[in-house]
2 protein chains.
Amino acid sequence: MTDEFECDRLDRRRRAITDAARALFIEQGFERTTLGQIVERAGGSLATIYKLFGNKEGLLDAVVFEKAASGENLIREIAQCGASPADTLRRLAAVLYERFLDPDDVALVRIVIARSIDDADFARRFFESTAMHTRRALERTFAQWEAQGVRLRGSPDMLAEVFLGLMVSDMQTDAISHGVVARPSAERIAARIEFFLRGAGLA
Amino acid sequence: MTDEFECDRLDRRRRAITDAARALFIEQGFERTTLGQIVERAGGSLATIYKLFGNKEGLLDAVVFEKAASGENLIREIAQCGASPADTLRRLAAVLYERFLDPDDVALVRIVIARSIDDADFARRFFESTAMHTRRALERTFAQWEAQGVRLRGSPDMLAEVFLGLMVSDMQTDAISHGVVARPSAERIAARIEFFLRGAGLA
DNA sequence: ACAATCGTGTAATGGATATTACACCTTCGC
DNA sequence: GCGAAGGTGTAATATCCATTACACGATTGT
């Protein structure tokens, strides 16, 4: 009896392996994680990993890009709710913060940065498939508002840069400081958004 | 005849080694750089490295913290020129950008992040000895202005966070993206400062 | 000039781990 | 049930590099 979730045994194997690999990479980093540990946790065998992913780097690739769904859709959804620009940005900030401060995400970013020392192209692809899309989507949103008659102080691309910079710098600080700095409180985040709205001429 | 710049041969040796190590770390990263390469470039021998630095990590430590002079003094100097808050911040931004976008600095930050996966404490010490000092110095500057009667929108610590966030996010983006994103033009930077001044109620 | 101190060059040592090879055994279609 | 296709577990292979050991030669103070 073939379960519909098991139609392809290889798919299940692939999943089990990437799940185990992701967990181990997040715990220990890429270099410290041995293929042996992955097999130990996921079952299966070394040979299967090589068959499915080519080599260890192929496995990292699969892990990183599997969850690299960009914030693009997120932004589009929230932007199309029809709320005022200020409210839209407030809601957006809350959602993006949640995402950017997720410890697992931060750990993966750390890994991408570390890996990028040896493989610059890897970092570029990652950046393109995540932050770049998010930035462009936000830029389009600002441009759209402007086209609808909203007066903005600053160009859409500068504003997108700054807005994301305000969100992301905490994640990046966290990536560097490894938890020295407490994550910002809700009040602190709110204060930043109001700051942004003033700067952009929206409040 | 002992040259005054050569009073201690060990000091010269130490310098030659850290110079070679820094260059190689920046070029190739920490892991890929072998002690053999360092000896090859600096002369001397493996035994000397172990005598002076204990082990490979000790050498990285020396390299990273030797140039980790914080932006603290910089901020104090510029803040005490007596210019208006707005002009002080404009000048500060120019100087900090110069510093944060230096490719060698970015490469070292990448290395610190990579290393922090295995040694969280290393990252913490780095962060404390650099960004943390800069942040506190800026915070004190804002507080001082407030004490002198300047009206600010937002608390000194929130403003310091945001100001540095605006400066630093580019460096960090660069660290991640490995040069995908063009570094901001002077105009772009200027636009950001004006944005900050509006947000802080200084313009 | 002398001897002791200390850096130098070379050559082990030792451990870790990605990658491959190979001989079983399980699974699935018929 | 049967046989082929393909996972599985184990055990090499092969390399790479930090670290240590050691014997030689240079430098310095007297």
Side-chain angles (χ1 to χ4, degrees), chain A residues 1-25 27-64 111 114-115 117-119 122, chain B residues 1-25 27-64 111 114-115 117-119 122:
Chain A
M1 192 178 83
T2 59
D3 188 348
E4 61 188 351
F5 292 102
E6 197 185 344
C7 45
D8 195 356
R9 270 170 48 253
L10 262 192
D11 278 356
R12 286 186 78 79
R13 216 85 276 294
R14 171 181 274 272
R15 261 224 122 74
I17 292 170
T18 52
D19 283 348
R22 183 178 335 103
L24 285 164
F25 289 163
E27 269 176 43
Q28 314 177 327
F30 177 67
E31 311 256 13
R32 284 183 96 80
T33 300
T34 73
L35 293 176
Q37 292 174 316
I38 293 171
V39 168
E40 201 176 329
R41 186 177 294 204
S45 79
L46 276 177
T48 309
I49 292 184
Y50 280 91
K51 169 153 290 195
L52 289 175
F53 302 99
N55 57 24
K56 196 183 177 187
E57 290 177 27
L59 182 52
L60 177 64
D61 217 276
V63 165
V64 166
I111 289 173
R115 186 88 203 96
I117 293 175
D118 297 331
D119 181 358
F122 179 73
Chain B
M1 194 179 86
T2 58
D3 186 349
E4 61 188 351
F5 291 102
E6 198 185 345
C7 44
D8 194 356
R9 273 171 46 253
L10 261 193
D11 278 357
R12 286 185 81 78
R13 217 85 277 293
R14 173 181 275 271
R15 262 223 121 75
I17 292 170
T18 53
D19 283 348
R22 184 177 333 103
L24 285 165
F25 289 163
E27 270 176 43
Q28 314 177 328
F30 177 68
E31 311 255 13
R32 283 183 95 81
T33 300
T34 71
L35 294 176
Q37 291 175 317
I38 293 171
V39 168
E40 201 175 329
R41 184 177 295 204
S45 78
L46 277 176
T48 310
I49 292 184
Y50 280 92
K51 169 155 290 193
L52 289 176
F53 301 98
N55 56 23
K56 197 184 177 188
E57 291 177 27
L59 181 53
L60 177 65
D61 217 276
V63 165
V64 166
I111 289 173
R115 185 89 203 96
I117 293 175
D118 297 331
D119 181 357
F122 179 74

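Letters A, B, ... are given to chains in the order of the sequence lines, protein chains preceding strands, and every chain is numbered from 1. Side chains are part of it too, since the values below use all heavy atoms of this structure and drop only hydrogens, waters and symmetry mates. As the structure is a computational prediction, the values presented were derived from the model and not from experiment.
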[N] OP1/OP2 closer than 4.0 Å to side-chain N/O of [X]:
X: A/R13; N: D/dT8; answer: yes
X: B/T48; N: C/dG7; answer: no
X: A/K51; N: D/dG6; answer: no

In whole angstrom, what separates [X]'s [atom1] from [N]'s [atom2]?
X: B/L59; N: D/dT19; atom1: CG; atom2: P; answer: 10 Å
X: A/I49; N: D/dT8; atom1: CD1; atom2: C1'; answer: 12 Å
X: B/D118; N: C/dA16; atom1: CG; atom2: C1'; answer: 14 Å
X: B/F53; N: D/dA18; atom1: CZ; atom2: C1'; answer: 16 Å
X: A/R14; N: D/dG7; atom1: CZ; atom2: C1'; answer: 15 Å

Response to the item:
Closest non-hydrogen contact found for B/V63 with B/A21 is CG2-CB, 4.0 Å
Worksheet item: What pair of heavy atoms forms the shortest contact from B/Q28 to A/I117, and how long is it?
Response: O-CG2, 3.6 Å
Fill in: Passing candidate, side-chain contact (heavy atoms from CB on, under 4.5 Å) with B/F30, options B/L60, B/V64, B/L24
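Passing option: B/L60.
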Item to complete: Could you tell me whether the side chain of B/R14 and the main chain of B/F53 form a donor-acceptor pair under 3.5 Å?
Response: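 No, because the side chain of B/R14 does not come within donor-acceptor range (under 3.5 Å) of the backbone of B/F53.
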Worksheet entry | Gap separating the OG1 atom of B/T33 from the CD1 atom of B/I111, nearest 0.5 angstrom | 7.0 Å
Worksheet item: Going through the distances and angles, do B/F25 and B/T18 end up as a side-chain contact (heavy atoms from CB on, under 4.5 Å)?
Response: CA-CA 10 Å; B/F25 289 163; B/T18 53; over 6 Å; no
Practice prompt. Treat primed atoms plus P, OP1 and OP2 as sugar-phosphate and everything else as base, then score nucleotides 17-22 of chain C 5' to 3': B for base contact with protein heavy atoms under 4.0 Å, S for sugar-phosphate contact only, - for none.
Written response: SSBB--
